[in-house]
Amino acid sequence: WTSATYSHQNYELEIGNFSSSNQAVSTYAYQISEPKQRATKFAASNMEIYYRPKKAGTLKIYVVDNGDINLQATINVTSTNVDKFISTALYPSKQTKAIKYVFDMNDARFSKWPIISAPTEGAFLATISGYSLSVRRFQVGGAPYSPETHGSTAGPSTHQANYGWPKKFFACRRSSDAAEGVIWQDQNTMNVYMTWISSNLLSATTTNLNAGGNFWLVAAACNNGNHIVLVTVSKDKPSDKTQNIVAQAYKIDATTGATALTKNLPTQKGNGGMNIHKFSSSGASMVWNTQTDKLCLSIARTMTQSGDGLNHQGGIAIIIDAVTLEVLKNFGQTSGHSFANSMILASDGTFLGMDLGDNYPRGVHMWRFSDSKKLGAPVVYTFKTKHATSANGKDKYTEISTASKTYYKWSNDNYVYTEIAHTGLVEVDDGILSFFAGEKPPLDNSKVGSAMNAPRNFGFVKVDKDLTSKTILSPGAVVNGGFYNFGGGWSAQENKGINFLTSFTSMDQSVCRPKTVKLGNDSILLTWEMWTPKAYVRSYGMVVDKNGKQTKEAFDLGYRMMLPFADDLVYVNGTGRIVAYAGTADGFLTRYEICVGTSCPTKPKSGSIPTTTSTTPAAAATTAAATTAVATQAAPTNSTTPAAA
């Protein structure tokens, strides 16, 4: 489909030179614009970049954007493909802006990151009064989850964002040497690894745990001693709607990586089973009470066929014996559907969590479990509902209908217009704060129609520790609303004590990927990514006290710190430091370290992480020419000397 009716047209190509600051590495670069002429109807086919290599070997294609240099594709060029145009699976027709591409076949090191201690890279990224951000990058190989390349670049307006992503990096501590570790899964091979980082942050050791394969890693927890427990769920998607799949628990030696015990979890329907038909992208959370040696697992899954012939989705919570890996208690459904979950170990040893329900119940559903029973489960925040536009025997919903659209008194809305924060639950001495990002006003049923209909803002509510009392401690008006459910009955809703900490009014400024971590003095650090409906913009932070009052106003984190959707920030006790992890397409584990407080460095100290010197390599562009075919030539030979480009 090459006509202007069904194909985007006219791409500007600039041929330039990409070189390192010391000129040790130099190669051609190509800047290709977004299509200057859009298909008059719709794009039925894509424009693809083809490249003509001059020799056999490994072709690496990098993208230079926003000062970052990211590996975009690795292609094995055989002798039969030399001097022939080959597919790259890169599509300028999908671009929304001009992008610089760098092609390398000489195994040059392309990185803006200085080498700290080969092959570990690092930089001191940003600092303002009372805040600093630094990074270390450890070469672990493979494909650790990268927020920019593995699917979670979808913004808050997208269908996928409504259903969430599972956690990707699980932080650990090891008592034998106080080492810092992280558990992660290779997104290509599905192998599961543990990486232990040296105390001086100069090196890391990675071990294959021989788990994964055809399984998703959905949860991991450590006892801060010498054991790790993993939970994996099969990737199988049975055609038989009544069939359950396999889920496994592993107990791993944190030093050697050896498997001490493996147990198949009960995934059948009935008889205390977890009723798992398929993995759900909404993921899981797991916490280990080391005093009782019990684990609590909250997991979302698609269930086996129910009486209505459908496979419904929902969240459940179970208790696992950390010694035997036997399931001791199945608490049943937490929410249905359940599109996100988070959990912490409370100060009294109970498991405190929340999940995001779309109907049963509809809202942010907080719950607490002991080893054997539920200890309260209030809905602490609830939201609007899109109603049906076909009558189905129900009356017109006059209050929200307009001249152009008629709504009726029934609904089946799976959109939740909300993200829970991770961990999102913060226990303080006199209560519990629950954090989330939501649309204002929360209960206006007329502001619907899409996954996102208003900018998202960072909100919270504070509740009493006794969840059975359903006592709201934060100030704020009582707002009542409701919706007509699937059967046409009225479901009343109430929000009380809801407070929003941001006040964005533009759809191009929304809180996304909200995260929280309690600091050592009852202060709470909040971070979030600002997004347009579909694109990341920048990252921000804020500090509040135990009542949600701002003690440090919103500030720019000073770097493009994109984190996995559902991962937690980790407070390193006694250090005033917060750690977060992400992966890169070129096999690095990225460790971000945030400092908040009066002890934060204002610049790198002697022997510490150096400042990056040049983060935006610029290609010397020639005159642009509009073209719909990208003709390429072999790049000049690169020096093998590593350099920060």
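- Taken from CG in Leu525 to NZ in Lys515, the straight-line distance is 12.0 Å, to the nearest 0.5 Å.
- When only modelled atom types and interatomic distance are considered, Asp413 and Thr385 share no side-chain donor-acceptor pair under 3.5 Å.
- When every heavy atom of Phe215 is checked against every heavy atom of Ser234, the shortest pair comes out as CD2-N, 3.3 Å.
- Surrounding CD of Glu553 are at most 12 heavy atoms belonging to other residues, nucleotides or ligands under 6.0 Å away.
- Closest approach of Leu467 and Leu375 over heavy atoms only: CB-O, 3.7 Å.
- At distances below 3.5 Å, not a single donor-acceptor pair connects side-chain atoms of Ser157 with backbone N or O atoms of Met452.
- For the pair Asp358 (side chain) and Val416 (backbone), a donor-acceptor distance under 3.5 Å is absent.
- The backbone N or O of Asp348 lies less than 3.5 Å from no partner atom in the side chain of Thr350, so there is not a single donor-acceptor pair.
- In this structure, Lys465 contributes its side chain and Val428 its backbone to a donor-acceptor pair below 3.5 Å.
- Taking the side chain as every heavy atom from C-beta outward, Trp165 and Gln160 approach each other to under 4.5 Å.
- The backbone N or O of Lys41 sits nowhere less than 3.5 Å from a side-chain atom of Thr5 that would complete a donor-acceptor pair.
- Taking the charged nitrogens against the carboxylate oxygens, Asp65 and Lys97 do have a contact shorter than 4.0 Å, which makes a salt bridge.
- Listed for the Gln185 side chain is no donor-acceptor partner under 3.5 Å among the backbone atoms of Gly212.
- Counting heavy atoms of neighbouring residues, nucleotides and ligands inside a 6.0 Å radius, atom CZ of Phe331 exceeds 12 of them.
- Annotation for Asn188: atom CG counts as buried by contact number, over 12 foreign heavy atoms lying within 6.0 Å.
- Using a distance-only test at 3.5 Å, with no hydrogens or angles considered, a donor-acceptor pair links the side chain of Glu419 to the main chain of Arg513.
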In sequence, state the C-alpha distance, the side-chain angles, and the governing distance for Asn392 and Ser390, and then conclude on side chain to side chain donor-acceptor pair (under 3.5 Å).
-> CA-CA 6 Å; Asn392 198 29; Ser390 58; over 6 Å; no
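- Every ring-ring contact (aromatic ring centres under 6.0 Å, His included) that Phe339 has, sequence neighbours left out, goes to Tyr163, His337.
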May I have the step-by-step check of side chain to side chain donor-acceptor pair (under 3.5 Å) for Asn275 and Thr304, ending in yes or no?
-> CA-CA 6 Å; Asn275 194 9; Thr304 57; 2.6 Å; yes
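- Atom NZ of Lys546 sits in a crowded spot, with more than 12 heavy atoms from other residues, nucleotides or ligands closer than 6.0 Å.
- At most 12 non-hydrogen atoms from other residues, nucleotides or ligands lie less than 6.0 angstrom from NZ of Lys470.
- Of the possible polar contacts, one joining the Ser285 side chain to the Asn341 backbone as a donor-acceptor pair under 3.5 Å is found.
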Going through the checks in order, is the side chain to side chain donor-acceptor pair (under 3.5 Å) test met by Lys269 and Asn244?
-> CA-CA 8 Å; Lys269 182 178 182 179; Asn244 57 299; over 6 Å; no
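- Nearest heavy atom pair, residue Glu427 against residue Lys518, reads O-NZ, 2.9 Å.
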Evaluate the criterion side chain to side chain contact (heavy atoms under 4.5 Å, CB included) for residue pair Ile498 and Phe436; output intermediate values, then yes/no.
-> CA-CA 10 Å; Ile498 303 299; Phe436 52 86; 3.9 Å; yes
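- For the atom pair Lys167 NZ and Ile183 CD1, the distance stands at 15.0 Å (nearest 0.5 Å).
- In plain terms, the two heavy atoms of Glu34 and Gln95 that are nearest each other are CB-O, 3.5 Å.
- The heavy-atom pair separating Asn311 from Gln305 by the smallest distance is ND2-N, 3.1 Å.
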